[in-house]
Amino acid sequence: MPELPEVRTVAKILSPLLEGKKIIHVEIIREKNILAKKEDFCQFLENETFLDVSNYGKYLIFSLTNEKILLSHLRMEGRYRIRKEGSLKGKYDICLFHLHTGEILVYEDVRKFGTLEIKEKKNLFLTPPLSKLGKQPWEENPDHFYSLIHHKRKPIKEVLMDQSVIAGIGNIYADETLFKSKIHPLTPACSLTKEETTTLLLSSQEILEDAIMQGGTTIRSYHPKEGIDGLFAQKLKVYGKGNTPCPCCLFPLKKIEVGGRGTTFCPCCQKRKDHPLVLGITGTIASGKSTLLTLLKKHGYHVYSADEIVHEAYKSEEMKQFFSSFYPLMIKKNTVNRAILLDYMQKDSLFRKKVEEKVHPFVYQKMQEIINEAKKNDKLAIEVPLLFSSPLEKECDLIIFVYASKEKQRERLIKRGKDPDKSLLFAPHFSLDEVKRKCGLLINGDDSLEDFKEKVNRISYLFD
């Protein structure tokens, strides 16, 4: 969706093309996009002349003679074109403005979400939608901006995109502004200090002004004009770059969802307040995850393994009673015998489901308690085989996926005295697309121990 810089660019392109040109006829193709009665809309605009085109936030403002305004919101993919009279109509045409020069100003919209409405100039900012908008960033001052957001508990990313708070910032420039300000997108707006709020406002001004100078950003199918690409796309630091190295610290950028919108940030440059840095380790069985945890411990990380938590859980009276209620012989030497457990789980799918429903939430709860009790400057590494399907995924600032070939997995499992067929049967399986989408770092664990250590040491700058 075009944001303030893109809309400002469109206005700059259209203004000299339309100035002094008279509308002799308005032809509406799709009435749903017109926020007025068809007859009133046409009568209001016909025989009026364009004076200039400007914008406020994401709205285009067409100023005409007799203090009249045509107000337009492009939404997702709205676009204006100039065509010659008599040219074929387009598949996505919404409204045609026939000009006295033999040209047609065409509003087209692939998604059909855009809107057009008419206003008297004197009421433009006194009535919706513009009356409901906040100030544009450079019209705002830090003290007033702080007063607007200091009571809001929503994540600052959502607040930045709230047009009633500040006009013109959408998903792209919210990500870029937060990165420049070194503020985590999930930070509650009410927790920001005056200094942080001032930094945020000034950063938004700088980002938007730079984007305007560059003609905005071209994203997917949006272009301000045929043959013109927004050059600010080349300056984007984080937007749309999840799992690529941060341009400042090289830590993998992370993509999450905030308020239903994809959000990219650097977990190191934009640290969460009162929250430790958390690395999530997952991957295939017998791939080297435990070795990685040991190496991370040497880098000052507190390391925790889901397998160790499960092992301790099996010694608890609650778990022993749970398992003995199904198969009493499963309890050996005052703990759950895991070899027997695997046998029963393989034979009885219903029993396996009940075990997973009991054990998995227990592990997630214990891991969550560990994270909650950690200090904000702590560094944690948690190893969770089913991380992708757990609530712990959202807690991880970086997810590292460790994998190995089937041959290497079998070799290692045999050395551990395990039945490789049985172990691999119960091991989680991963979608390559999901791994690429969610993991900032992939490590091949087929190497020897020494080679694996050397591989991890080469990227140790990420962990220090």
Please name all residues satisfying ring pair (Phe, Tyr, Trp, His ring centres under 6.0 Å) with Phe452, sequence neighbours left out, ordered by chain then number. none
Side chains of Gln368 and Gln365: does their closest heavy-atom pair fall under 4.5 Å? no
Could you check whether any side-chain N or O of Glu117 sits under 3.5 Å from a backbone N or O of Ile34, counting only pairs where one atom can act as donor and the other as acceptor? no
Kindly check if the number of other-residue, nucleotide or ligand heavy atoms within 6.0 Å of CD (Gln43) is above 12? no
Show the nearest heavy-atom pair for residues Pro137 and Leu4, with the distance to one decimal. CD-CD1, 4.5 Å
Go through the steps to decide whether Val10 and Asn55 satisfy the test side-chain contact (heavy atoms from CB on, under 4.5 Å), and finish with yes or no. CA-CA 9 Å; Val10 171; Asn55 80 292; over 6 Å; no
Please confirm whether the backbone N or O of Val238 pairs with a side-chain atom of Glu176, one donor and one acceptor, at under 3.5 Å? yes
Looking only at heavy atoms, which two atoms of Leu462 and Leu250 are closest? And how far apart? CD2-O, 3.3 Å
Test your reading of the model: is there a side-chain donor-acceptor pair from Asp93 to the backbone of Gly90, 3.5 Å cut-off? yes
Would you say that Cys95 contacts Asn33 through its side chain, given a criterion of any heavy-atom pair below 4.5 Å between the two side chains? no
Neighbour count above 12 (heavy atom, 6.0 Å) for Lys271 NZ: no
For a salt bridge (charged side-chain N to carboxylate O under 4.0 Å, His left out) check, start with the C-alpha distance between Asp109 and Arg75, then their side-chain angles and the critical distance, and finish with the verdict. CA-CA 9 Å; Asp109 194 336; Arg75 299 295 178 187; over 6 Å; no
Correct closest heavy-atom pair for Ile166 and Ile169 would be CG2-CD1, 4.1 Å
Please check if the number of heavy atoms outside Lys255 that lie under 6.0 Å from its NZ is greater than 12. no
Identify the heavy atoms of Ala306 and Val363 that sit nearest to each other, and give their distance. CB-CG1, 3.7 Å
Counting only heavy atoms not in Arg153, do more than 12 sit closer than 6.0 Å to its CZ atom? no
Do Thr187 side-chain atoms and Ile183 backbone N/O form a donor-acceptor pair below 3.5 Å? no
Donor-acceptor under 3.5 Å (Ser460 side chain, Asn457 main chain): yes
Within residues 114-140 or reaching into it, pairs that qualify as ring pair (Phe, Tyr, Trp, His ring centres under 6.0 Å) - sequence neighbours excluded: Tyr56-Phe125
Check step by step if side-chain contact (heavy atoms from CB on, under 4.5 Å) holds for Cys248 and Phe179. CA-CA 10 Å; Cys248 294; Phe179 178 72; 3.8 Å; yes
Under 3.5 Å, side chain of Thr49 to main-chain N/O of Gly20, donor-acceptor pair present? no
Is the shortest heavy-atom distance from the side chain of His144 to the side chain of Ser147 under 4.5 Å? yes
Supply the atom-to-atom distance Leu71 CG to Ile118 CD1, rounded to the nearest 0.5 angstrom. 11.0 Å
Side chain of Lys254, backbone of Cys396: donor and acceptor closer than 3.5 Å? yes
May I ask you to check whether over 12 heavy atoms, not counting those of Lys112, lie within 6.0 Å of atom NZ? yes
Donor-acceptor contact present, side-chain Glu209 to main-chain Glu206, <3.5 Å: no
Glu67 side chain vs Glu120 backbone, donor-acceptor pair below 3.5 Å: no
Ring pair (Phe, Tyr, Trp, His ring centres under 6.0 Å) contacts in which one or both residues fall within residues 249-303, not counting sequence neighbours: His184-Phe265
Derivation of the side-chain contact (heavy atoms from CB on, under 4.5 Å) call for Leu441 and Leu279: CA-CA 11 Å; Leu441 191 60; Leu279 302 187; over 6 Å; no
I'd like to know if the side chain of Gln136 reaches the main chain of Gly57, judged simply by a donor and an acceptor atom lying under 3.5 Å from each other, with no hydrogens or angles considered. yes
I'd like to know whether NZ of Lys379 has more than 12 heavy-atom contacts from other residues, nucleotides or ligands below 6.0 angstrom. yes
Separation of Cys246 SG from Gln270 CD (nearest 0.5 Å): 8.0 Å
Considering the options Leu200, Ile149, Leu192, which one meets the side-chain contact (heavy atoms from CB on, under 4.5 Å) requirement together with Val159? Ile149
What's the spacing between Leu14 CG and Leu105 CG if we round to 0.5 Å? 6.5 Å
Side chain to side chain, Ser191 and Lys273, heavy atoms closer than 4.5 Å: yes
Does a side-chain heavy-atom distance below 4.5 Å link Leu18 with Ile82? yes
Only one of Lys408, Lys453, Lys455 passes salt bridge (Lys or Arg N to Asp or Glu O under 4.0 Å) with Asp447, and that residue is Lys455
When Glu103 is tested against each of Lys84, Lys21, Arg83, His98 for side-chain hydrogen bond (donor to acceptor under 3.5 Å, both in side chains), which residue passes? Lys21
From Lys58 atom NZ to Ser72 atom OG, the distance as rounded to the nearest 0.5 Å: 14.0 Å
Any chance CG of Leu88 has more than 12 other-residue heavy atoms, nucleotides or ligands included, within less than 6.0 Å? no
For Phe430 and Tyr403, I'd like to know if the aromatic rings sit close, meaning centre-to-centre distance below 6.0 Å. no
Where do Gly240 and Thr264 come nearest, in terms of heavy atoms and distance? N-OG1, 3.8 Å
What distance separates Leu296 CG from Ile281 CD1, expressed to the nearest 0.5 Å? 5.5 Å
According to ring pair (Phe, Tyr, Trp, His ring centres under 6.0 Å), who are the partners of Tyr59, at least two apart in sequence or on a separate chain? His73
Thinking salt bridges, do Arg81 and Glu108 make one under a 4.0 Å N-O criterion? yes
Sorted by chain and residue number, the ring pair (Phe, Tyr, Trp, His ring centres under 6.0 Å) partners of Phe97 (sequence neighbours excluded) come out as none
Are Lys68 and Phe44 in a cation-pi setup, meaning NZ or CZ lies under 6.0 angstrom from the ring centre and within 45 degrees of the ring axis? yes
Over all atoms of both residues, closest heavy-atom pair of Asp397 and Pro276: OD2-O, 3.6 Å
Go through it in stages, so that I can follow the logic: the residues are Val384 and Tyr364, the test is side-chain contact (heavy atoms from CB on, under 4.5 Å), and I'd like the CA-CA distance, side-chain angles, deciding distance and then a yes or no. CA-CA 9 Å; Val384 185; Tyr364 303 150; 4.2 Å; yes
Are there over 12 heavy-atom neighbours, none belonging to Glu369, within less than 6.0 Å of that residue's CD? yes
Verify salt bridge (charged side-chain N to carboxylate O under 4.0 Å, His left out) between Lys157 and Asp175, making sure each step is shown before the conclusion. CA-CA 8 Å; Lys157 168 72 184 282; Asp175 278 4; 2.9 Å; yes
Tyr146: ring pair (Phe, Tyr, Trp, His ring centres under 6.0 Å) partners, not counting sequence neighbours: His150
Pairwise distance SG(Cys269) to CG(Leu178) - rounded to 0.5 angstrom: 13.0 Å
